[in-house]
Every structure is written in structure tokens, then in C-alpha cells.
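Here, residue 1 is the first one in the sequence, and each next residue gets the next number.
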Amino acid sequence: PVFAGVNGSAIENFSCVIYNVSFMNCTWQAGRDAPRDTQYFLYWQNLRYDDARECELYIKDENGRNIGCRFQNVIIGYEEAYFLVNGSSKDSLIQSYGKNIQLYNIEKLMPPSNITVKCDKTKYHCIIQWQRPQISHSDKDKCFKYEINIKYT
């Protein structure tokens, strides 16, 4: 939802992605009708816990306006998180933007590791083995489906 303030001043196109198990990037665009001096601030809260965290490292555009954020040491489970981006301007009241996100839905998975291939040319078969990628929200192998593409050269 968008809250009270100048229409069109809230951020747009908000999205987040979790990668490399414990890093999270969130990005947005400035509101199309936001005053030039508007600065945005991101807070997020894992709804299981009480403490909200402000952005640790803002990503800035060429004008110094915050348009994204990088977080480290993000720990997620199956719970939902709430994200809030508010803004400030010396001229106007800026609309805040809030969104609930299921964190496990935004995790970009790492590739499998320790891939090995053992082929027996006399029996015309190969055994391919790997370890599932490390993920932040589950230790269950049943969460994964794998696809193997074999190309003969």
C-alpha cells in the first residue's frame, strides 16, 4: 500500500532478491511526481521478530538519491517480511510505500556444487553426482528438482 502524502511521490517498481545465501538487494525508482530533493529510506522487518532494520548500504543514482539497498547476513525462513520505504523532502510530504514479501520466493538459488561424472565406456553409462546448493530457508532436499542436459560432441 501507499500512504498519505503528495500523489506520485512514493517509490515505484520495488523489488528485492536474495542471492549467495545471505545477501539481499532491493531496488526501486523515485516517484514520478516526487520533488527533486526527495530522499528515500528503506526499512524491513521479518514479521517473526520485532526489530526493523534500516538499509545498511544504499545504492544511489547520479543525483545522490537512494534507489536501492544492499543487505548482508540476511537470515530467512518461511515467514513473511514487511518492507517500508519512506521519503523526505523539505518542500512536501512524501508518500511511504509498504509491501509484504515471502522471502523464500525471492531467493536466487546457487548452482549445485561438487559435480562429478564417472563414465564406464564398456557399459555405456555414466553416473553423475552433485550436492544440492546451499540455501537459506531449508535443509530439505525434497525442495529441489534438477534437470540434466547432455550434449554429445
Side-chain angles (χ1 to χ4, degrees), residues 1-117 128-149 151:
V2 174
F3 304 99
V6 174
N7 283 343
S9 62
I11 63 157
E12 300 173 353
N13 300 322
F14 180 83
S15 68
C16 295
V17 64
I18 295 172
Y19 63 98
N20 286 358
V21 182
S22 63
F23 294 90
M24 180 170 66
N25 277 8
C26 297
T27 58
W28 60 85
Q29 292 174 332
R32 59 190 165 294
D33 295 327
R36 279 189 173 279
D37 73 327
T38 302
Q39 186 59 281
Y40 295 104
F41 304 94
L42 170 65
Y43 300 85
W44 80 286
Q45 179 179 12
N46 186 324
L47 293 181
R48 239 183 177 179
Y49 311 104
D50 293 331
D51 54 334
R53 294 170 59 181
E54 184 178 1
C55 177
E56 298 165 6
L57 179 62
Y58 283 106
I59 302 165
K60 298 180 178 292
D61 66 11
E62 61 277 358
N63 298 317
R65 183 183 281 179
N66 297 336
I67 57 165
C69 176
R70 292 187 175 104
F71 289 96
Q72 298 180 15
N73 304 315
V74 173
I75 298 171
I76 68 171
Y78 286 103
E79 61 275 351
E80 204 170 47
Y82 180 70
F83 292 81
L84 175 70
V85 181
N86 60 28
S88 66
S89 166
K90 66 180 187 300
D91 298 324
S92 306
L93 182 62
I94 305 303
Q95 290 176 317
S96 295
Y97 172 91
K99 184 175 185 177
N100 287 349
I101 297 176
Q102 292 287 137
L103 294 177
Y104 65 85
N105 284 335
I106 63 169
E107 184 171 10
K108 184 177 179 181
L109 299 178
M110 300 288 290
S113 59
N114 295 331
I115 301 169
T116 60
V117 178
I128 304 170
Q129 294 178 305
W130 60 86
Q131 289 182 322
R132 72 162 175 80
Q134 185 181 359
I135 57 173
S136 57
H137 67 275
S138 173
D139 287 329
K140 298 179 179 166
D141 287 325
K142 68 180 182 181
C143 294
F144 288 89
K145 292 182 180 177
Y146 300 96
E147 180 179 310
I148 298 172
N149 292 320
K151 295 182 181 176

Straight-line distance of [X] [atom1] to [Y] [atom2], nearest 0.5 Å:
X: Ile11; Y: Tyr97; atom1: CD1; atom2: OH; answer: 6.0 Å
X: Glu107; Y: Gln102; atom1: CD; atom2: CD; answer: 13.5 Å
X: Ile67; Y: Glu62; atom1: CD1; atom2: CD; answer: 7.5 Å
X: Ser15; Y: Trp28; atom1: OG; atom2: CH2; answer: 10.5 Å

So, using side-chain hydrogen bond (donor to acceptor under 3.5 Å, both in side chains) as the criterion, who are the partners of [X] when residues are at least two apart?
X: Asn13; answer: Gln29
X: Asp91; answer: none
X: Arg53; answer: Glu56
X: Asn114; answer: Gln131

Indicate the atoms forming the closest heavy-atom contact of [X] with [Y], along with that distance.
X: Gly98; Y: Tyr82; result: CA-OH, 3.4 Å
X: Asn86; Y: Ser96; result: CB-OG, 3.2 Å
X: Met110; Y: Pro133; result: O-CB, 3.0 Å
X: Gln95; Y: Asn7; result: NE2-OD1, 3.4 Å

Query raised in the report: Sequence neighbours excluded, which residues qualify as ring-ring contact (aromatic ring centres under 6.0 Å, His included) partners of Phe83?
Result: Phe14, Trp44
Query - With sequence neighbours excluded, residues passing ring-ring contact (aromatic ring centres under 6.0 Å, His included) with Tyr43 - result: none
Report task. Check side-chain contact (heavy atoms from CB on, under 4.5 Å) between Leu57 and all other residues, then give those that pass, not counting sequence neighbours. Result -> Arg70
Query raised in the report: Of all residues at least two apart in sequence or in a different chain, which pass the side-chain contact (heavy atoms from CB on, under 4.5 Å) check with Ile106?
Result: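 Counting only residues at least two positions away or on another chain, Ile106 forms a side-chain contact (heavy atoms from CB on, under 4.5 Å) with Cys16, Ile18, Met24, Ile101, Leu103.
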For residues 35-42, dump all side-chain donor-acceptor pairs below 3.5 Å to protein atoms at least two apart in sequence or in another chain.
residue	atom	partner	partner atom	Å
Asp37	OD1	Ser89	OG	2.7
Asp37	OD2	Ser89	OG	3.4
Asp37	OD2	Lys90	N	2.9
Thr38	OG1	Pro35	O	2.8
Gln39	OE1	Asn66	N	2.6
Gln39	OE1	Asn66	ND2	3.3
Gln39	NE2	Gly64	O	3.0
Tyr40	OH	Ser9	O	2.6
Tyr40	OH	Gly31	N	3.1

Query raised in the report: Does the pair Cys55/Cys69 show an SG-SG distance of less than 2.5 angstrom?
Result: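 Yes, the SG atoms sit under 2.5 Å apart.
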Query raised in the report: Looking at side-chain heavy atoms only, is the closest gap between Ile148 and Ile128 below 4.5 Å?
Result: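 With C-beta onward as the side chain, the pair touches.
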